[in-house]
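Heads up: the structure comes next, in structure tokens.
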Amino acid sequence: MGLLFVPTPMIRIATVLGSLLLFSCGMFKPAIPQPKEEFRAAWIATVANIDWPPSGQDSWESQQQAYLELLDFYQQLNFNTVIVQVRTAGDALYPTDMAPWSRYLSGTEGIPPRTAEDPLEWLIDQAHRRGIDFHAWLNPYRATMSLDTTSLAAQHDYYRHPDWMLAYGNRYYYNPGLPGVQEHLAAIMREVVANYEVDGIHFDDYFYPYKIAGEVFADSVAYQSLAPAGQSLADWRRSNVDSLVFKVHRAVKQEKPWVQFGISPFGVWRNRDQDPGGSDTQAGQTTYDDLYADPLNWIRQGWIDYIVPQVYWSLDYPPASHRKLASWWASKSDGAHLYIGNAAYKIRNNADKAWKKKKELAKQISLARSMHGIGGNVLFSAKSLRNQPDVTAYLKKHLYPYPALTPGTQGE
């Protein structure tokens, strides 16, 4: 399935501009004014075959068709970006010596997919042909999806570097405090940027694992041998995540300065009762205190180009109001593009009755547009919205009737 023509970034920009001019001259106007520039993205999760491919057992041709259907759906909705998961748990959906092939693509870890094509190159090309940017989403710290290692390929880091692994809950994780782990993960990101025409590198919210009652993340040996004198365990862990973020930022910019680096943290940095600067929320875990990630520091340091907090609650959900959190993030994000992550997967699928309403997601997107400093939205997950035709029709008519440029495109 060859490509006849792959547009350059400038041609893709011209295509979108042409569409904007065409629609701006039309007689129809959206019910809610839309910006000329807006980040409109969907996460395409490959782990456990959530969004794509439907099965690792499918033929490559069938997998291709499923991906094209996703792209066509979001192109018709006038989205301009997809964030595609290309590393789920110590694996890869592209050829590399640093990780085995993903079972979610080929059915068996370490076995190549049933095609001579480079899957990642094809995925990127197909997005670009439609004027859609492609951000490669990689999960750095999750090493396995279970404690059963019999299905892991021999080239998995569990076997190559067993000293890097820590069991916690029902999974293995890379030990974030080890310099070798940090260098290895940064090299993985560098390879993707060097070898592929990605528009961005993306991390989600999995840093140190979400806490499990009664279990200890056993990194005390590394802490005792590597932490500076007097540094607390919590501060040391946050410094380890900071170190990886810095190293990945440096690697990305050294290879291709125009490629963006973005992160999507858990939606609550800290609760106000933990920190006067925190949000008016009562989250059971927070990204700073429990995942040991400090996105506000990454913004201050200039290590990320954009941030997408996962504000996955309804507008007025008491413990964590979407309305309050969007406003809080808008007040903290100066120095990086801010986009809001929205929980499309909760539509008519959550105990919170607000998600039963057709307009809940649309109201969240409208709220983001009304706030200075917020430049768009990202929906999780890509498949979810396809199952809600009335919601999709409402979004298309009232919020996404016309295309939009990605933020910053005109100045590049």
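This chain uses plain numbering: 1 for the first residue, then up along the sequence. What's counted below: heavy atoms across the whole structure, side chains too, no hydrogens, waters or symmetry copies.
- Between D148 and T150, the side chains place a donor N or O and an acceptor N or O closer than 3.5 Å (distance only, hydrogens not considered).
- By the 4.0 Å N-to-carboxylate-O rule, K383 lies too far from D51 to be salt-bridged with it.
- Enclosure of atom CG in D273 by more than 12 non-hydrogen atoms of other residues, nucleotides or ligands within 6.0 angstrom is indicated.
- Of the possible donor and acceptor atoms, none in the side chain of R87 sits under 3.5 Å from a partner among the backbone N and O of M189.
- In this structure, Y173 has its ring center no closer than 6.0 Å to that of Y141.
- Taking OH from Y172 and OG from S146, the interatomic distance works out to 9.5 Å, rounded to the nearest 0.5 Å.
- Residues P112 and S106 share a closest heavy-atom pair of O-CB, 3.7 Å.
- Remark: aromatic rings of W122 and W60 are close, center separation under 6.0 Å.
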Quiz item: Under the side chain to side chain contact (heavy atoms under 4.5 Å, CB included) criterion, do I340 and V378 qualify, and how do the steps go?
Solution: CA-CA 6 Å; I340 297 298; V378 186; over 6 Å; no
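- Residues T406 and N80 have side chains that never bring a donor and an acceptor to within less than 3.5 angstrom of each other.
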Quiz item: Checking side chain to side chain contact (heavy atoms under 4.5 Å, CB included) for the pair Q64/Q126: CA distance, chi angles, key distance, verdict?
Solution: CA-CA 10 Å; Q64 287 178 305; Q126 291 301 316; over 6 Å; no
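- A donor and an acceptor atom, one from each side chain of Y208 and N240, are located under 3.5 Å apart.
- Closest non-hydrogen pair, I374 versus A326, comes out as CD1-O, 3.9 Å.
- Of the possible donor and acceptor atoms, one in the side chain of W52 sits under 3.5 Å from a partner among the backbone N and O of Q63.
- Between the side chains of D316 and H322, not a single donor N or O lies within less than 3.5 Å of an accepting N or O.
- A donor-acceptor pair is defined here as one N or O able to donate and one able to accept, closer than 3.5 Å; no such pair exists between the side chain of H161 and the backbone of D163.
- In this structure, the separation between NE2 on H249 and CD on Q260 is 11.0 Å, given to the nearest 0.5 Å.
- Ring geometry for Y400 against F79 counts as perpendicular: the plane angle is over 60°, on a 0 to 90° scale with 30° as the lower cut.
- Nearest heavy-atom pair, L325 versus G267, reported as atom, atom and distance to 0.1 Å: CD2-O, 3.5 Å.
- Taken to the nearest 0.5 Å, the CD atom of Q301 stands 9.5 Å off from the CG atom of D294.
- Screening K324, Q364, K357 for a side-chain contact (heavy atoms from CB on, under 4.5 Å) involving L315 leaves a single residue, Q364.
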Practice problem: Would you sort out whether E61 and R114 count as a salt bridge (Lys or Arg N to Asp or Glu O under 4.0 Å), showing the intermediate values? | Solution: CA-CA 9 Å; E61 290 74 21; R114 292 170 286 280; over 6 Å; no
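- A salt bridge does not link R323 to D280: none of the charged nitrogens lies less than 4.0 Å from a carboxylate oxygen.
- A donor and an acceptor atom, one from each side chain of D91 and W101, are nowhere located under 3.5 Å apart.
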Exercise. Before giving the answer on side chain to side chain contact (heavy atoms under 4.5 Å, CB included), spell out for I365 and L395 the whole-Å C-alpha distance, their side-chain angles and the decisive distance to 0.1 Å.
Key: CA-CA 9 Å; I365 295 169; L395 292 176; 4.0 Å; yes
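- The pair K346-E360 does not meet the salt-bridge criterion, since no charged nitrogen lies less than 4.0 angstrom from a carboxylate oxygen.
- Between the side chains of Q388 and R348, at least one donor N or O lies within less than 3.5 Å of an accepting N or O.
- When side chains are defined from C-beta on, P140 counts as touching L244, because their heavy atoms get closer than 4.5 Å.
- For D390, the CG atom sits in a packed shell: over 12 heavy atoms of surrounding residues, nucleotides or ligands are nearer than 6.0 Å.
- With hydrogens and angles disregarded, a donor-acceptor distance shorter than 3.5 Å links the side chain of Q85 to the backbone of T46.
- Using modelled atom types, one finds no donor on one side chain facing an acceptor on the other under 3.5 Å when comparing S279 with W328.
- Atom-to-atom distance recorded for I50:CD1 and I44:CD1 is 12.5 Å, nearest 0.5 angstrom.
- Taking the six-membered ring for Trp and the full ring otherwise, the centers of W164 and Y159 sit at least 6.0 Å from each other.
- In summary, the side chains of Q34 and R40 do present a donor paired with an acceptor at a separation below 3.5 Å, with no hydrogens or angles considered.
- Residue Y317 qualifies as open at atom OH: its count of foreign heavy atoms under 6.0 Å is 12 or below.
- A donor-acceptor pair is defined here as one N or O able to donate and one able to accept, closer than 3.5 Å; no such pair exists between the side chain of Q282 and the backbone of A320.
- Nearest heavy atoms, V47 versus R142: CG2-NH2, 3.9 Å.
- Of all the heavy atoms in P35 and A404, the pair that sits closest is O-CB, 4.0 Å.
- Taking the six-membered ring for Trp and thresholds of 30 and 60 degrees, Y345 and Y312 have ring planes more than 60 degrees apart, a perpendicular arrangement.
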Practice problem: Verify side chain to side chain contact (heavy atoms under 4.5 Å, CB included) between L178 and L226, making sure each step is shown before the conclusion. | Solution: CA-CA 8 Å; L178 301 181; L226 296 172; 4.2 Å; yes
Quiz prompt | Worked verdict on T281 versus N271 for side chain to side chain donor-acceptor pair (under 3.5 Å) | solution = CA-CA 5 Å; T281 50; N271 297 311; 2.7 Å; yes
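- Just one of W298, Y288, F217 meets the ring pair (Phe, Tyr, Trp, His ring centres under 6.0 Å) condition when paired with F207; it is W298.
- If you take CG on L120 and OH on Y94, they are separated by 8.0 Å, rounding to the nearest 0.5 Å.
- Between the side chain of S62 and the backbone N or O of D58, no donor-acceptor pair lies under 3.5 Å.
- With rounding to the nearest 0.5 Å, the separation of CG in L123 from CG in L68 is 9.5 Å.
- Ion pairing between D289 and R270 holds under the 4.0 Å rule for side-chain N and carboxylate O.
- Within the 3.5 Å criterion, the main-chain N or O of A222 finds a donor-acceptor partner in the side chain of S225.
- Side chain of S333 to backbone of L338: no donor-acceptor contact under 3.5 angstrom is found.
- Panel note: side chain Q310, backbone G341; no donor-acceptor pair is recorded below 3.5 Å.
- Between the side chains of S102 and E109, not a single donor N or O lies within less than 3.5 Å of an accepting N or O.
- For Y306, the ring-ring contact (aromatic ring centres under 6.0 Å, His included) partners are F39, H135, H202, Y339, not counting sequence neighbours.
- Within the structure, salt bridge (Lys or Arg N to Asp or Glu O under 4.0 Å) pairs that include any residue of residues 231-260 comprise E183-K247, R190-E255, E197-K256, D219-R237, D235-R238, K253-D305 (at least two apart or interchain).
- Inspection of the D199 and H128 side chains reveals an N or O donor paired with an N or O acceptor under 3.5 Å.
- With contacts defined as side-chain heavy-atom distances shorter than 4.5 Å, the pair I307/K332 does not qualify.
- Judged purely by atom type and a 3.5 angstrom limit, T144 has no side-chain atom pairing as donor or acceptor with the backbone of L147.
- Of all heavy-atom pairs between G278 and R272, the closest is O-NE, 3.8 Å.
- Inspection of the S314 and D352 side chains reveals an N or O donor paired with an N or O acceptor under 3.5 Å.
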